[in-house]
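Let me begin by presenting the structure, written as C-alpha cells, before commenting on it.
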Amino acid sequence: MQGSPYVKQELMPGANIQTDDEIKQWVRNQAWGHHASCTCKIGVPTDPTAVLDSNFNVFGTKNLRVVDASAFPHIPGYFIVLPIYMISEKASAVIIAAAKGQ
C-alpha cells in the first residue's frame, strides 16, 4: 500500500520490519492461539506494562490477586492450560503461606 492516498503510516509491524525473515519473526512473536492472555502481566513496579508482582498481587491494591492466563508476561504457546496449572500451583502455595503468616 506504499504510496496509497488511503494509508498515511504503517502501524504494525512498522517501517522497521521489512525483510521476509523480519516479518516471519514478528508474526511468531505476536501471534497467539485462541486464548487471550497477557493483559495483567507479572513484572516489576517500574515496568509500565506490568500489573502484578511475583505473588500475583495487583500493584497498588490490598487483597486482590490475578491468577489466570492474563498474568503471563508473554504468550506461553497455543495450549496454555499447562502453564495455567503451574501458576495456579504457585499461587495456591503463596496464598496458603500468606494466610499462615509466613
- Determine, stepwise, if the pair Leu52 / Val58 fulfils side-chain contact (heavy atoms from CB on, under 4.5 Å). CA-CA 5 Å; Leu52 308 173; Val58 176; 3.6 Å; yes
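- Side chains of Asn29 and Gln25: a donor-acceptor N/O pair is present below 3.5 angstrom, by distance only.
- Contact between Pro73 and Cys38 at its shortest, heavy atoms only, is C-SG, 4.2 Å.
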- Message: For Asp53 and Phe59: C-alpha separation, side-chain torsions, deciding distance, then whether side-chain contact (heavy atoms from CB on, under 4.5 Å) applies.
- Response: CA-CA 7 Å; Asp53 66 17; Phe59 292 137; 3.7 Å; yes
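- Judged by distance alone, with hydrogens and angles left aside, the side-chain atoms of Lys90 form no donor-acceptor pair with the main-chain N or O of Phe56 at under 3.5 Å.
- Ser70 OG to Ile87 CD1: the interatomic distance, rounded to the nearest 0.5 Å, is 7.5 Å.
- To the nearest 0.5 angstrom, Asp21 atom CG is 9.5 Å from Ile23 atom CD1.
- The distance from the CG atom of Asp68 to the OG atom of Ser37 is 9.5 Å, given to the nearest 0.5 Å.
- Between the Asn55 side chain and the Asn57 main chain, no donor and acceptor come within less than 3.5 Å of each other.
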- Task: Under the side-chain contact (heavy atoms from CB on, under 4.5 Å) rule, what do Trp26 and Ile17 come out as? Steps first, then yes or no, please.
- Result: CA-CA 8 Å; Trp26 184 86; Ile17 308 292; 4.2 Å; yes
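- The side-chain hydrogen bond (donor to acceptor under 3.5 Å, both in side chains) check on Asn16 picks up nothing, with sequence neighbours excluded.
- When atom types are taken as modelled, the side chain of Glu22 and the backbone of Gln18 share a donor-acceptor pair closer than 3.5 angstrom.
- Minimum heavy-atom separation, Val66 to Cys40: CG1-CB, 4.4 Å.
- A 4.5 Å side-chain heavy-atom check between Lys41 and Asp47 finds at least one atom pair inside the cut-off.
- Following chains of ILVMFWY side-chain contacts shorter than 4.5 Å, one cannot reach Val51 starting from Val94, and the two form parts of different hydrophobic clusters.
- Under a hydrophobic clustering in which Ile, Leu, Val, Met, Phe, Trp and Tyr are joined whenever their side-chain heavy atoms come within less than 4.5 Å, directly or via other members, Val81 and Met86 fall into different clusters.
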